[in-house]
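For reference, the structure discussed in these notes is given below.
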Amino acid sequence: MDTSEIGRVKESFDQAVAHIEDLKSLQQLKVEYLGKKGKVTGLMKEMKNLSKEERPQFGAAVNETRNHITEIIGQKTQALEAEALEAKLSEEAIDVTLPGRDFSLGSPHPLSLIIENIEDFFIGLGYEIAEGYEVETDYYNFEALNLPKSHPARDMQDSFYISEEMLLRTHTSPVQARTMESRAGKGPVKIICPGKVYRRDSDDATHSHQFTQIEGLVVDKNIHMSDLKGTLELFAKEIFGEEREIRLRPSYFPFTEPSVEVDISCFKCKGDGCNVCKYTGWIEILGAGMVHPNVLEMAGFDSNEYSGFAFGMGPDRIAMLKHGIEDIRHFYTNDLRFINQFKVTEDGGAKNESI
Ligand code: FA5
């Protein structure tokens with residue numbers, strides 16, 4: 001063996017290393033040349049077959065080749081490691097300038113918003129919020145409100161009966177009967193009761209078999225019709241605008257005497273006549289009256305000492321008027337395109353962005 005064999009080993013290494021592209025192949029190449037049974041080690045083993053004179057030169061050449069291979073492998077290892085790190089970093093790179101992922105925020109339901117507006121207004125006047133039961137007894141829904149069985153006025157509210165004595169409440173008025181009863185004849189009572197009610201009405205653009213109502217009740221000494229009128233005037237201005245006026249028309253409810261229907265001056269045409277007010281200049285918004293002495297007495301109040309007023313309104317219809325919604329069924333069909341139009345304004349009110 002002569003030094004030309006060493007040159008061939010070096011050359012074959014140089015050629016092989018030029019094609020290496022990953023650390024694993026480089027490691028294999030290292031073993032192939034520098035390992036125990038590798039080519040360079042094989043050259044060293046040849047030393048014993050050489051003469052004493054040849055050995056130093058041969059040994060130096062093998063050492064030089066081994067150093068060369070070791071150095072190249074070292075450099076290549078570093079280069080490949082840097083490349084792998086670079087690839088990993090760019091794979092894991094986060095572009096902090098990308099816009100964040102959008103997640104959709106729900107909008108409060110327009111009915112919840114109008115109910116909250118109305119609640120806030122009455123809380124400001126010192127009212128408490130009272131709650132009752134959606135499944136109610138015939139007694140509280142009708143009898144305690146001066147509507148004995150077979151009273152013809154029961155037909156005013158077609159009902160879903162569950163049994164002889166139980167029904168889905170047709171209005172929120174049973175809450176006033178229950179609340180008065182719980183106060184054991186002692187005033188003042190000053191409540192509003194928002195909630196769902198149910199009637200066997202056929203669904204159409206302005207009627208739903210399930211809708212919402214807000215009841216109001218004040219019972220104390222010396223409560224007069226003027227207190228009712230003043231309260232509702234303030235309410236109309238708060239919900240429909242400062243310039244609103246109200247008017248009371250005589251009406252009939254078995255639980256109030258006298259009873260009135262309350263209209264507000266039209267907020268769209270300001271009284272000139274338009275499609276919202278059906279060209280009358282006025283829009284009906286609620287029923288009200290002075291609490292009937294029979295209702296006070298049945299709930300344990302002395303009607304000679306106490307008097308009161310009550311009112312009941314439909315937030316569905318109020319929201320429809322306020323936002324120009326033409327069909328009550330939009331409230332109950334859960335179409336997000338409808339609900340998402342309503343946003344909460346800074347003062348906590350509702351804004352319909354499409355209007
Ligand atoms: C009542 O329910 C009385 N309890 C209100 C009342 C309370 C009067 C206290 C006096 C004192 P009325 O049946 O008119 O009254 O209903 C009140 C409101 O509920 C109506 O003005 C209307 O806005 C709403 N309403 C009635 N029926 C429906 C329906 N099917 N769909 C949607 N809203 C309705």
Side-chain angles (χ1 to χ4, degrees), residues 110-111 114-115 118 122 127 130 132 136 140-147 151 153-160 167-180 189 191-219 223 225 227-229 231-232 235-236 239-240 246 248-264 282-296 299 307-322 325-332:
L111 280 179
I114 198 94
I115 290 171
I118 296 172
F122 281 104
Y127 284 65
E136 193 44 283
Y140 286 109
N141 196 79
F142 289 128
E143 285 187 48
L145 296 167
N146 204 26
L147 274 151
H151 192 290
R154 283 192 177 209
D155 291 350
M156 288 164 76
Q157 300 179 3
D158 223 347
S159 324
F160 289 111
L167 73 161
L168 297 181
R169 69 178 176 193
T170 53
H171 51 174
T172 41
S173 302
V175 188
Q176 44 159 300
R178 283 183 178 277
T179 309
M180 277 192 277
V189 180
I191 53 161
I192 57 160
C193 337
K196 292 196 197 93
V197 300
Y198 304 84
R199 288 187 196 175
R200 279 166 57 106
D201 285 345
S202 305
D203 290 358
D204 62 24
T206 52
H207 292 84
S208 173
H209 60 281
Q210 177 207 302
F211 57 101
T212 54
Q213 277 194 349
I214 298 181
E215 191 82 5
L217 172 75
V218 173
V219 177
I223 298 292
M225 196 77 170
D227 299 311
L228 170 66
K229 190 168 181 226
T231 305
L232 295 178
F235 165 75
I239 300 297
F240 292 102
I246 64 165
L248 309 185
R249 279 181 294 110
S251 184
Y252 171 73
F253 294 103
F255 27 91
T256 45
E257 182 57 37
S259 300
V260 289
E261 297 277 359
V262 180
D263 299 339
I264 54 163
W282 295 94
I283 305 167
E284 183 193 316
I285 54 160
L286 53 87
M290 299 307 291
V291 181
H292 197 293
N294 288 355
V295 175
L296 289 171
S307 55
F309 68 73
F311 54 86
M313 64 181 94
D316 302 58
R317 300 246 177 101
I318 290 176
M320 287 171 79
L321 286 170
K322 201 168 151 72
I325 297 161
E326 79 292 354
D327 197 319
I328 196 170
R329 289 168 289 200
H330 286 313
F331 292 131
Y332 299 104

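Counting starts at 1 for both ligands and their atoms, in listed order. Treat the numbers as computed from the prediction; the structure is a model and nothing was measured.
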Residues M313 and I118: closest non-hydrogen pair is SD-CD1, 4.1 Å
How close do M290 and I223 get, heavy atom to heavy atom, and via which atoms?
CE-O, 3.4 Å
Taking the six-membered ring where the residue is Trp, are the ring centres of H171 and F255 under 6.0 Å apart?
yes
May I ask you to check whether F235 and Y127 place their ring centers less than 6.0 Å from one another?
no
Would you say R200 has more than 12 foreign heavy atoms packed within less than 6.0 Å of its CZ?
no
Side-chain heavy-atom pair L145, P174 within 4.5 angstrom cut-off:
yes
Considering non-hydrogen atoms of the protein only, which is the closest contact for [atom], and what is the distance?
atom: atom 20 (C) of ligand 1; result: R317 NH1, 4.2 Å
atom: atom 30 (N) of ligand 1; result: D201 OD2, 2.7 Å
atom: atom 14 (O) of ligand 1; result: F253 CE2, 4.0 Å
atom: atom 21 (O) of ligand 1; result: I285 O, 4.3 Å
atom: atom 3 (C) of ligand 1; result: F255 CZ, 3.8 Å
atom: atom 31 (N) of ligand 1; result: S208 N, 3.1 Å

Value for CZ (F331) from CD1 (I114), rounded to nearest 0.5 Å, stands at 8.5 Å
About how many Å separate CG of N146 and NE2 of H292, when rounded to the nearest 0.5 Å?
4.5 Å
Salt bridge (charged side-chain N to carboxylate O under 4.0 Å, His left out) between R249 and E284, intermediate numbers included:
CA-CA 10 Å; R249 279 181 294 110; E284 183 193 316; 3.7 Å; yes
Closest to [atom] (judged by heavy-atom distance), picking from [options]:
atom: atom 19 (O) of ligand 1; options: Q213, R200, H171; answer: Q213
atom: atom 13 (O) of ligand 1; options: M313, R199, H292; answer: R199
atom: atom 34 (C) of ligand 1; options: F331, F211, Y198; answer: F211

If you measure from each non-hydrogen atom of [X] to ligand 1, which part falls under 4.0 Å: side chain, backbone, both or neither?
X: S259; result: neither
X: E215; result: side chain
X: D316; result: neither

Interfacing atoms of ligand 1 (cut-off 4.0 Å, heavy-atom, [X]):
X: A310; value: 9 (C), 11 (C)
X: G312; value: 5 (C), 6 (C), 7 (C), 9 (C)
X: G287; value: 6 (C), 8 (C), 10 (C)
X: F311; value: 7 (C), 9 (C), 11 (C)
X: S173; value: 4 (N), 7 (C)

Do the side chain of D203 and the main chain of R329 share a donor and acceptor less than 3.5 angstrom apart?
no
Output yes when a side-chain donor or acceptor of R317 lies under 3.5 Å from a complementary backbone atom of T206, and no otherwise.
yes
Is the shortest distance from a heavy atom of I328 to ligand 1 less than 4.0 Å?
yes
